[in-house]
Amino acid sequence: MAEKLTIGLILPDILGTYGDDGNALVLRGRARMRDINAEIVPIKLGEPIPDDLSAYTLGGGEDSAQVLAASHLIADGGLTRAAANQRPIFAVCAGLQVLGVSFRAHGKLVDGLSLIDATTSSLPSRSIGEVVSTPTRAGITKELSQPLTGFENHLGGTVLGPDAQPLGTIRTGNGNATGGTNGEGVVQGSVIATYMHGPALARNPELADLILARALGVALADLEPLELPEVDRLRAERMR
């Protein structure tokens, strides 16, 4: 197990619109509850991205922020190298779109990092509200057994290519908002991406622990269980 967990918080100054910075806080908190030394490494626009951190998180933002983020991440190359080295990357909403092949912003097609085989175009109306999905066995490991829940708020519809798989099968809400088998979110290589806000890892502790386990280089079953009744109450409330 890694002696120290370093969690890269990517571009919180422009991809922090919807409180998704909380995902890094959750990873750090759940690590420290297990007496694992963990710290968050914020990386702002214009700063180099280390390719050797334990894990990385990206959040949401508007069109201008997405364009800036994509430009910086492509030019820097650090996150791409981290993905090639199988470092876990967790991305939400705009972060998902930026990691794809392309997305639309200000009516124009913009290149993404191509870390996931996904393209995003504009929807005729915004997808907003609670979203619930069942983890897909194709897209995520058999380690996840609990439904996934969050709050979606996006105007992008994401189509997955053959190299990507959905994180979950939609039960409530729109998810990737393209219907059919696209489901909710994306899994490819070391990347897990989703449209769930909340923050997502606060609302889905099992998913948080899966990312934490991968960052530590251990199996999910090897993590010490955490008994947090308040989290169980939150999930019960949101799953009604």
Side-chain angles (χ1 to χ4, degrees), residues 5 7-10 18-34 36 38 40 54-60 83 86-93 95-96 99 115-116 118 130-152 158 160 164-173 175-176 183-228 230-239:
L5 187 74
I7 304 159
L9 178 58
I10 304 297
Y18 301 107
D20 299 307
D21 295 4
N23 290 313
L25 292 171
V26 170
L27 289 176
R28 185 183 68 180
R30 294 184 73 84
R32 289 180 175 180
M33 288 177 190
R34 295 177 167 101
I36 297 168
I40 295 172
S54 306
Y56 300 81
T57 66
L58 296 86
Q86 294 300 302
R87 304 290 173 138
I89 299 171
F90 182 68
V92 178
C93 202
L96 179 159
L99 296 188
L115 298 186
I116 51 178
E130 289 292 314
V131 59
V132 179
S133 69
T134 301
T136 59
R137 292 297 182 247
I140 199 69
T141 69
K142 294 181 180 178
E143 295 167 294
L144 290 185
S145 59
Q146 299 175 355
L148 299 166
T149 173
F151 187 85
E152 61 181 346
T158 298
L160 307 186
Q165 297 288 342
L167 172 61
T169 301
I170 283 292
R171 291 169 46 176
T172 303
N176 294 342
E184 201 290 317
V186 190
V187 177
Q188 184 175 336
S190 67
V191 177
I192 297 176
T194 180
Y195 276 109
M196 296 185 296
H197 298 289
L201 297 186
R203 293 181 59 163
N204 299 282
E206 190 179 40
L207 179 59
D209 281 350
L210 176 63
I211 296 168
L212 182 58
R214 291 181 175 182
L216 293 167
V218 302
L220 178 57
D222 292 335
L223 287 183
E224 176 189 350
L226 295 179
E227 299 296 331
L228 299 171
E230 61 273 23
V231 175
D232 295 335
R233 288 196 296 271
L234 171 64
R235 281 183 58 81
E237 176 184 318
R238 294 298 187 183
M239 297 293 289

Q: For residues Pro147 and Val132, report the shortest heavy-atom separation together with the two atoms involved.
A: CB-CG1, 4.3 Å
Q | Pair Tyr18 + His197: ring centers closer than 6.0 Å | A | yes
Q: Check whether any side-chain heavy atom of Arg30 lies under 4.5 Å from a side-chain heavy atom of Leu201, and answer yes or no.
A: no
**Q.** Test log, rule side-chain contact (heavy atoms from CB on, under 4.5 Å), inputs Leu207 and Gln146
**A.** CA-CA 9 Å; Leu207 179 59; Gln146 299 175 355; over 6 Å; no
Q: Check whether any side-chain heavy atom of Leu212 sits under 4.5 Å from a side-chain heavy atom of Arg34, and report yes or no.
A: yes
Q. Taking side chain as C-beta onward, heavy atoms only, is Ile170 less than 4.5 Å from Val131?
A. yes
Q) Which distance, rounded to the nearest 0.5 Å, do you find between the CZ of Arg32 and the CG of Leu27? A) 12.0 Å
Q) Within a strict 4.5 Å, meaning less than it, do heavy atoms of the Phe90 and Asn23 side chains meet? A) yes
Q. Rounded to the nearest 0.5 Å, what separation is found between the CG atom of Leu58 and the CG atom of Leu9?
A. 8.5 Å
Q. In terms of side-chain heavy atoms, does Thr194 have a donor or acceptor partner in Glu184 at a distance below 3.5 Å?
A. yes
Q.
Between Ile7 and Ser54, is there a side-chain heavy-atom distance shorter than 4.5 Å?
A. no
Q | Non-hydrogen atoms of Leu96 and Ile116 that approach each other most closely | A | O-CD1, 3.5 Å
Q: Could you tell me the separation between the CZ atom of Arg171 and the OG1 atom of Thr149, rounded to the nearest 0.5 Å?
A: 9.5 Å
Q: List the steps and the verdict of side-chain contact (heavy atoms from CB on, under 4.5 Å) for Met196 and Phe151.
A: CA-CA 5 Å; Met196 296 185 296; Phe151 187 85; over 6 Å; no
Q: Determine, for Asp209 against Arg214, whether the closest basic-nitrogen to carboxylate-oxygen distance falls under 4.0 angstrom.
A: no
Q: Go through Arg203 and Glu130 one step at a time and tell me if the salt bridge (charged side-chain N to carboxylate O under 4.0 Å, His left out) criterion holds.
A: CA-CA 12 Å; Arg203 293 181 59 163; Glu130 289 292 314; 2.5 Å; yes
Q.
Distance check, rounded to the nearest 0.5 Å: Asp20 atom CG versus Leu25 atom CG?
A. 11.5 Å
**Q.** Non-hydrogen side-chain atoms of Pro166 and Leu160 separated by less than 4.5 Å
**A.** yes
Q: Quick one: pull up CG in Leu99 and CD in Gln188 and give me the separation to the nearest 0.5 Å.
A: 10.5 Å
Q) Considering all heavy atoms of both residues, which atom of Gly19 and which atom of Pro199 are nearest to each other, and what is their separation? A) O-CG, 3.6 Å
Q) Are the side chain of Glu152 and the backbone N or O of Tyr195 linked by a donor-acceptor pair below 3.5 Å? A) no
Q: Could you tell me which non-hydrogen atom of Ala215 sits nearest to which non-hydrogen atom of Ala55, and how far apart they are?
A: CB-CB, 3.9 Å
Q. If you look at every heavy atom in Leu167 and Ala193, which pair is closest and at what distance?
A. CD2-O, 4.1 Å
Q: Output yes when a side-chain donor or acceptor of Asn204 lies under 3.5 Å from a complementary backbone atom of Ala200, and no otherwise.
A: yes
Q.
Evaluate Ser145 against Glu206 for side-chain hydrogen bond (donor to acceptor under 3.5 Å, both in side chains), listing each step before the verdict.
A. CA-CA 8 Å; Ser145 59; Glu206 190 179 40; 3.1 Å; yes
(Q) Tell me the closest heavy-atom pair linking Gly168 and Ser133, and the distance in Å. (A) CA-OG, 3.8 Å
Q | From Leu223 atom CG to Leu216 atom CG, the distance as rounded to the nearest 0.5 Å | A | 6.5 Å
